[in-house]
Amino acid sequence: MAEDLVLDTAIRDWVLIPLSVVMVLIGVLRYFVSKLMRTSQLPDAKIVKEGQVVIRARNLRAAANFIPVKSFRARKVYFSNEDIQLENCDPQAITVDIENGLLYVPKGQAQNPQAQMFSDPNMAMDMMKKNLSMIIPQTLTFAWVNFFFSGFVAAKIPFPLTQRFRSMLQNGIDLSTVDVSYVSSRSWYFLNLFGLRGLFSLILGEENATDDTQRMMQMSGFGFDPSKSLSAEKDSLDIVQHEWALPKFEQRAESVLRKFIS
Amino acid sequence: MKLVVCFCNFAQKMVGAAEEVQLIRLENQVDNGGGGAWEYLCLVRKLKVRRSEKVLKYGFEILNDPNKRSKLGGEEWTLYEQVAIAAMDCQCLDVAKECIKALQKKFPESKRVGRLEGMLLEAKGSWADAEKTYSNFLEDDPLDQVIHKRRVAMAKAQGNISGAIEWLNKYLEIFMADHDAWRELAEIYISLQMYKQAAFCYEELILCQPTAPLYHLAYAEVSAITHSYLHLSFQ
C-alpha cells in the first residue's frame, strides 16, 4: 500500500518529455494560426471612449489628494452626477449643460450589451473562431494522449493525496490499491495545459492566444464589462474622501529631511 | 523660409537619466567614426527623441549602402520611415520622397505609408491636400489616434491656434487618458495666456502622473500667475 513503486526511466524519456514538447509545439502553432486568422477588429468608438473614461476616473481616484478641493469636486461631478442639470465646470469644452456624468449608466442601457453580443454577427463569428481555435487542439491532444498513453502509471506526485482524487488522476489505471500519488499521463496532460501558460508568455510575448482560462473567464463577462466597470468606478469615486495634501506637505518634507540628516 | 513640420510625438517624451547618458554616449561614438549607427538609430526611435539631422545623416548612409541595407532585413522599412520623417524635419524633401516611394512600392495599400505621404504634403506646404488625405483616413478609421494628432499639428503649423485647440479638445473627448495630448493642450493655452484652462490641463497631468515633478512645478507657476491659490480653501 505504502510501498514505493519504481518507475521505469523509459517512461520519463518517452512519455513525459514528448508530451510536454508536443504541447509546446501545438501552442506555438495555435498562436501563429490565430494571428493569421485574426480579422482586424475596428474598435467601437463607444467602447474606446468608455475605456478611456475608466482610466481617467481611476487616475482621479488614485491621485485625488494632489489637486485642490474645488477641482476635485468639479471632476467628481463631471463623472458621477445623476440627472442633475449642472453647468459643465470643465473649461476644456464649450460650456454645456450636462445631464448625466460620464460614469452614470441609466438602468435601461445596462441590458443591451448582452443582447448586442449575440445579434452582432461579427462578434459572434469572432468568438466562434476563438473558441474553435481553442477547443480543437485541446480535444485532439487529449484524444491522442488517451489513445497512446493510457493504462500505465506515468508519474508520482510528491505530496500525498486523498482517495477522492483517484477517479480524476488515475483514470487509465484499474488497480484500486495503487497509491493516489501515482498518476496517469492524463493528469500530466492537464498539468501541462495549465502550467505552460507561463512558458508561452515568455516565448511568445504578452499577447498569446493560449491563455485559455483567462479567456474563458472573459467570455462570460464580454458585453457586460463596460457598464459594470463604469458603475463600479462611479461607486468607488463616490467613496473617495478628498484631503488636499499641500498644507501638510511642508511638515512631511521636514520630517523626511530630518530623518535624512539624523 | 520653409515651414517646419510639428511632429506626431509632439510632446518630447521625458527621457530617463540613464537612457540620456547612453544616448549621448552613442552619439559621440557615431560622430567620431566608431560604428554603432544602427544602435543609435534604434535608441532614438525607442526614446522618440528628435535628432533629425543625425538620423538623416546616418540613416541615409546605411540606406545607400546595399550591404548594410541587406543586413537589416525586415527592419529596413522601419529605417526608411524614420529617415523619411527626419528628412522632412530637415526640409530635404527629395530624400523624403525617395524613401516614401520605396515604401510605397513595397507596401502599396498601407495606412502607415499613406500617413507619411500626408506628412510630405504638409512639409511641402500644400495644406489642403494634406487635410483631404487625413480626412479620408479618418473616414475609414475614426479612431486612429496618430491621424488626429497630425491634424492638430497641421492646424498649429498653419498658425490656426484656435482650430488646433478645437481639434485637440475633440480628440480629448474620446481619448481622455492620453497625457501627451493634455500636455500639448496645456502648452497651447499658456501660449495664448488662457491660464485657467492651462491649470485644468496641468491638474489632469498631475492626476495621471503624480510623481512627475515637472507637472507640479508648471501647475504651481500657473497658479502663481493667476493668484488662484489665494482663493483656495484648505478644507
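The sequence lines fix the lettering, A, B, ..., with proteins before strands; numbering per chain opens at 1.
Every residue was checked against the side chain to side chain donor-acceptor pair (under 3.5 Å) condition with B:Glu109, not counting sequence neighbours, and none meets it. Evaluation of the side chain to side chain donor-acceptor pair (under 3.5 Å) rule for B:Tyr202 yields no partner, not counting sequence neighbours.
Interface residue A:Leu60: backbone and side-chain heavy atoms are both found under 4.5 Å from chain B. Both the backbone and the side chain of B:Glu204 come within contact range of chain A, each with at least one heavy atom under 4.5 Å from a heavy atom of that chain. For A:Arg58, no part lies near chain B; criterion is any non-hydrogen pair under 4.5 Å.
Taking the centre of each ring, B:Tyr215 and B:Tyr219 stay at or above the 6.0 Å mark.
Side-chain contact between B:Lys106 and B:Tyr80: absent, with no pair of heavy atoms (C-beta onward) separated by less than 4.5 Å.
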